[in-house]
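Structure first, commentary second.
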Amino acid sequence: IVGGSPPAIVVAEPYYEILEGWHLQEALNYYYAVKALKERRIISKTALSVPAYAAVMGCAIQFDTFANAYKACGDEHESARVRGFCHKTVNQYADRYHTFDASLPMWQYDYKPMTEPFELARICYEGSCPIENNGVSSSAPFKVAGTCHGLMCWIEYGLRVGKGKIGVENYDFKLLSTNTRSYRQVVRKLKEPTIIADDDVGNA
């Protein structure tokens, strides 16, 4: 603390080795770290942050190889037999793949985006540190027909550039996205695939 006043800016790379590949958790970890520093008055409650926010982004995708890999073995008619081995006992867990996320380097896979990227929530690191749209449903219109298998998610960090004030909507930001080859993305599988017909294109 210089001159008896807490620092008015905090700069960090929201990276944690133990959370590598899980960028939402990294963004939240930094969120709670900044919030704790403010509550303890180690930094100013009005401190600027670099990055200023983390936008949780999503895109509905068709992902055939993923859907085929993360499902039950065999079928009821074959008694869940694969190469002579019965998987009936373990298949009771196969329907639970939609309850957790998979962290994958998506550039290595063949998948089809079915919507434009859209913002699911925004984690703010400045002011009172609100999490915008938390618990609020989001939607986006489908742009192509196909089979929707799940949602791909990533983080886009907003870094303030130029002059302005905290909280001003028209402030210019430079985005740092984890939706590139350098990062892994998260995929959340739907419990059941959803068929999107040509007539459904344009609807959310």
Side-chain angles (χ1 to χ4, degrees), residues 1-61 63 66 99-109 111 113 115-136 138 140 150-189:
I1 297 177
V2 180
S5 300
I9 186 169
V10 56
V11 181
E13 178 186 4
Y15 170 81
Y16 303 89
E17 184 176 4
I18 196 172
L19 296 175
E20 187 170 8
W22 299 95
H23 303 296
L24 173 58
Q25 286 79 358
E26 287 181 332
L28 285 170
N29 203 7
Y30 178 59
Y31 167 82
Y32 287 113
V34 170
K35 196 170 183 180
L37 290 173
K38 291 182 178 181
E39 290 174 352
R40 297 175 185 178
R41 300 182 181 179
I42 297 175
I43 62 174
S44 171
K45 289 186 177 181
T46 59
L48 295 176
S49 173
V50 181
Y53 68 85
V56 184
M57 305 297 296
C59 176
I61 59 172
F63 197 0
F66 178 81
T99 62
F100 58 87
D101 301 324
S103 176
L104 301 169
M106 292 298 287
W107 66 272
Q108 297 182 6
Y109 295 89
Y111 69 95
T115 64
E116 295 294 339
F118 58 96
E119 187 173 307
L120 295 166
R122 180 170 295 203
I123 304 167
C124 300
Y125 300 127
E126 298 180 341
S128 60
C129 296
I131 298 182
E132 299 175 1
N133 297 327
N134 185 28
V136 178
S138 301
L151 184 71
M152 182 177 74
C153 297
W154 65 94
I155 296 293
E156 289 186 353
Y157 290 102
L159 293 86
R160 183 178 284 101
V161 294
K163 297 180 179 180
K165 297 180 179 180
I166 299 177
V168 176
E169 292 295 330
N170 60 0
Y171 213 111
D172 291 329
F173 288 91
K174 181 178 179 63
L175 297 180
L176 176 63
S177 177
T178 63
N179 189 23
T180 66
R181 288 172 63 115
S182 303
Y183 301 94
R184 299 168 75 93
Q185 293 74 44
V186 163
V187 176
R188 170 63 65 93
K189 183 177 182 286

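Only this structure's heavy atoms are used, side chains among them; waters, hydrogens and symmetry mates stay out.
- The SG atom of C153 sits 9.0 Å away from the CD1 atom of I61 when rounded to the nearest 0.5 Å.
- Rounding to the nearest 0.5 Å gives a distance of 10.0 Å between CD1 of I43 and CG of L48.
- Under the side-chain hydrogen bond (donor to acceptor under 3.5 Å, both in side chains) criterion, E39 pairs with no residue at all, not counting sequence neighbours.
- Nearest heavy atoms, A54 versus A27: CB-CB, 3.9 Å.
- Listed by first then second residue, pairs satisfying salt bridge (Lys or Arg N to Asp or Glu O under 4.0 Å) with a partner in residues 19-31 number zero, not counting sequence neighbours.
- Nearest heavy-atom pair across S103 and G21 is OG-O, 2.8 Å.
- Using a 4.5 Å heavy-atom threshold, the side chains of V10 and V50 count as separate.
- Looking at heavy atoms from C-beta onward, V187 lies out of side-chain contact with D101 at the 4.5 angstrom threshold.
- Y183 and S177 form no side-chain donor-acceptor contact under 3.5 Å, judged by distance and modelled atom types alone.
- Note: I123 CD1 to Y31 OH = 8.5 Å, rounded to the nearest 0.5 Å.
- For T115, there are no side-chain hydrogen bond (donor to acceptor under 3.5 Å, both in side chains) partners at least two apart in sequence or on another chain.
- Smallest separation of non-hydrogen atoms from C59 and P117: CB-CA, 4.5 Å.
- In terms of modelled atom types and a separation under 3.5 Å, the side chain of Y30 and the main chain of Y15 share no donor-acceptor contact.
- Considering only heavy atoms from C-beta on, K38 comes within 4.5 Å of C129 through its side chain.
- The aromatic ring centres of F66 and Y111 sit 6.0 Å or more apart.
- When all heavy atoms of Q185 and T180 are compared, the closest pair comes out as NE2-O, 3.4 Å.
- Between F173 and P51 there is no side-chain heavy-atom pair separated by less than 4.5 Å.
- Rounding to the nearest 0.5 angstrom, the gap separating the CZ atom in R184 from the CD atom in Q108 is 8.0 Å.
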Please walk me through it: do Q25 and Y16 pass side chain to side chain contact (heavy atoms under 4.5 Å, CB included)?
CA-CA 9 Å; Q25 286 79 358; Y16 303 89; over 6 Å; no

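- Other residues, nucleotides and ligands place no more than 12 heavy atoms under 6.0 Å from the CD1 atom of I18.
- The pair R160-E126 counts as a salt bridge, with a side-chain nitrogen and a carboxylate oxygen less than 4.0 angstrom apart.
- Within the 4.5 Å cutoff, the side chain of V186 has no heavy atoms near those of the L151 side chain.
- Rounded to the nearest 0.5 Å, atoms CG (N179) and CD (E156) are 7.5 Å apart.
- Annotation: F100, atom CZ; neighbour count of heavy atoms from other residues, nucleotides and ligands within 6.0 Å is above 12.
- Rounding to the nearest 0.5 angstrom, the gap separating the CZ atom in R122 from the CG atom in N133 is 9.0 Å.
- Looking at every heavy atom in both residues, S49 comes nearest to Y125 through OG-CB, 3.5 Å.
- Aromatic ring centroids of Y53 and Y157 lie 6.0 Å or more apart.
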